[in-house]
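Shown next, in structure tokens, is the structure this report addresses.
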Amino acid sequence: MANERTVPLLPCASIDDIETFYGVLGFHTTYKQRKPNPCVGVQREDIDLQFFEIAGFDPEQSYGSCLVITPDIEGLHRAFAAGMRATYGRVLVSGTPRMTRPRARKNADGLGGFSVIDPGGNWIRVFRDPTAAPMPDATSAGRLAKALANAVVQADSRGSISQAVRILDSALARPQADDDPVEQVEVLVYRAELAMVLHDPDTAAELLARAQSVTLTDDESERAAAAFDNATELATALR
């Protein structure tokens with residue numbers, strides 16, 4: 001039978017905080033009740049989510065998660081980011097709630113994805129629809145790109161920030177003459193993002209300065225444009 005729908009039901013500490021946050025992302029409230037059990041439903045186009053409130057719930061201990069499959073992860077990320085900037089003056093990259101940037105996921109056949117971690121600690125994992133995506137670039141990557149790919153799996157997919165930091169710090173501590181400078185920039189900027197997640201703004205600022213000091217050709221600067229865009233967002237959040 002076709003035309004079924006699945007709606008995730010996720011935990012939170014406050015349905016009011018959930019309603020406010022998803023409103024920032026462009027969702028509207030479809031249902032809300034206080035009794036007998038507090039719950040709220042929100043929807044943005046075909047993304048339909050519901051939440052139930054638990055007294056004393058700790059978002060940091062949440063295992064709540066769901067997948068959102070879309071042909072346009074960049075467009076959805078831009079819309080969410082615009083809502084955050086309009087409300088908070090910046091994209092939230094640390095704390096709870098926060099949002100990661102679209103990146104290729106080694107553990108998803110190289111397809112791109114990003115995550116929204118909401119006030120309930122739920123991970124809303126947005127992935128590109130593989131039926132609408134080109135085949136990932138099979139070009140061999142350098143050692144820094146491989147370290148970055150492994151770190152993204154740990155931090156953006158598994159939430160293991162400390163393990164991702166260890167991977168990147170190990171790679172950065174052993175520079176090699178044939179390292180791709182674009183990959184170096186990408187690693188430094190991502191490591192700065194993780195420093196902000198860990199509430200370490202001094203380290204983040206130092207890493208962003210290092211990324212800006214990497215010497216690049218015009219072609220390399222173009223290839224590093226997305227990383228520098230991320231660096232600009234991070235610098236704004238540091239102010």
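The first residue of the sequence shown is numbered 1, and numbering continues consecutively from there.
No donor-acceptor pair under 3.5 Å is formed between the side chain of Ser170 and the backbone N or O of Arg166. In this structure a side-chain-to-backbone donor-acceptor pair under 3.5 Å is missing from Ser115 to Thr100. Under a 3.5 Å cut-off, the side chain of Ser65 and the backbone N or O of Trp123 do form a donor-acceptor pair. Here the side chain of Asp179 pairs a donor or acceptor atom with the backbone of Gln176 at under 3.5 angstrom.
Between Arg105 and Val153, every side-chain heavy-atom pair lies at or beyond the 4.5 Å cut-off. Between Leu144 and Leu148, the closest side-chain pair of non-hydrogen atoms is not below 4.5 Å. Looking at heavy atoms from C-beta onward, Asn122 lies in side-chain contact with Pro11 at the 4.5 angstrom threshold. In this structure, Arg128 and Glu74 have side chains that are in contact, with non-hydrogen atoms separated by less than 4.5 Å. The shortest distance between side-chain heavy atoms of Leu76 and Ile73 does not fall below 4.5 Å. Side-chain atoms of Arg90 and Leu92, non-hydrogen and from C-beta on, do get closer than 4.5 Å to each other.
Follow the hydrophobic side-chain contacts under 4.5 Å out from Val24 and you reach Val116 in the same cluster. One hydrophobic cluster, built from ILVMFWY side chains closer than 4.5 Å, cannot hold both Ile117 and Ile47; they sit in different ones. Criterion: ILVMFWY side-chain heavy atoms under 4.5 Å apart, direct or through other members. Under it, Ile124 and Tyr88 are part of a common hydrophobic cluster. Note on Ile167: it does not cluster hydrophobically with Leu172, by side-chain heavy-atom contacts below 4.5 Å among ILVMFWY residues. At a threshold of 4.5 Å between side-chain heavy atoms, the hydrophobic network of Ile, Leu, Val, Met, Phe, Trp and Tyr places Val189 and Leu238 in one connected group.
Within a 6.0 Å radius of CG in Asp218, no more than 12 heavy atoms belonging to other residues, nucleotides or ligands are found. Counting non-hydrogen atoms of neighbouring residues, nucleotides and ligands closer than 6.0 angstrom, the CD atom of Glu222 reaches no more than 12 such neighbours.
Scanning all heavy atoms of the two residues, the minimum distance from Arg44 to Gly26 falls at CG-O, 3.5 Å. Summarising the geometry of Glu220 relative to Pro181, their closest heavy-atom pair is OE2-CG, 3.4 Å, with the distance given to 0.1 Å. When all heavy atoms of Pro102 and His77 are compared, the closest pair comes out as CD-CD2, 3.4 Å. Of all non-hydrogen atoms in Val40 and Thr29, the two that sit nearest each other are CG2-CG2, 3.9 Å. Residues Cys12 and Phe57 come closest through the heavy atom pair C-CD2, 3.7 Å. Taking all atoms of both residues into account, the shortest heavy-atom contact from Val185 to Ala211 is CG2-O, 3.9 Å.
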Verdict with reasoning, Ser221 to Phe228, per side-chain contact (heavy atoms from CB on, under 4.5 Å):
CA-CA 9 Å; Ser221 294; Phe228 283 124; 5.5 Å; no
Go through the steps to decide whether Phe114 and Met99 satisfy the test side-chain contact (heavy atoms from CB on, under 4.5 Å), and finish with yes or no.
CA-CA 7 Å; Phe114 70 95; Met99 181 170 67; 3.8 Å; yes
Determine, stepwise, if the pair Tyr190 / Asp156 fulfils side-chain contact (heavy atoms from CB on, under 4.5 Å).
CA-CA 11 Å; Tyr190 186 51; Asp156 284 15; 2.8 Å; yes
Quick one: do Arg34 and Ile15 satisfy side-chain contact (heavy atoms from CB on, under 4.5 Å)? Show the steps, please.
CA-CA 9 Å; Arg34 292 288 179 187; Ile15 58 172; 3.7 Å; yes
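Aromatic ring pairs are classed by plane angle as parallel below 30°, tilted from 30° to 60° and perpendicular above 60°; the pair Tyr22 and Phe27 is perpendicular.
Note that CG of Leu25 is 9.0 Å distant from CG of Asp118, once rounded to the nearest 0.5 Å. To the nearest 0.5 Å, atoms CD (Glu183) and CZ (Arg143) are separated by 9.0 Å. Residue Met196 holds its CE atom at 11.0 Å from CG of Leu194, rounded to the nearest 0.5 Å. One distance of note links CD1 of Ile18 with CG of Leu10; it measures 8.0 Å at 0.5 Å rounding. Here CZ of Arg191 is found 7.0 Å from CG of Leu198. Values are rounded to the nearest 0.5 Å. One finds the CD atom of Gln212 at 10.5 Å from the CG atom of Leu188 (value rounded to the nearest 0.5 Å).
Defined by atom type and a distance below 3.5 Å, a donor-acceptor pair is missing between the side-chain atoms of Asp219 and Thr217.
Comment: Lys32 engages Asp16 in a salt bridge, judged by a side-chain N to carboxylate O separation of less than 4.0 angstrom.
Residue Glu193 is tested with Arg101, Arg103, Arg98 for a salt bridge (charged side-chain N to carboxylate O under 4.0 Å, His left out); the sole match is Arg103.
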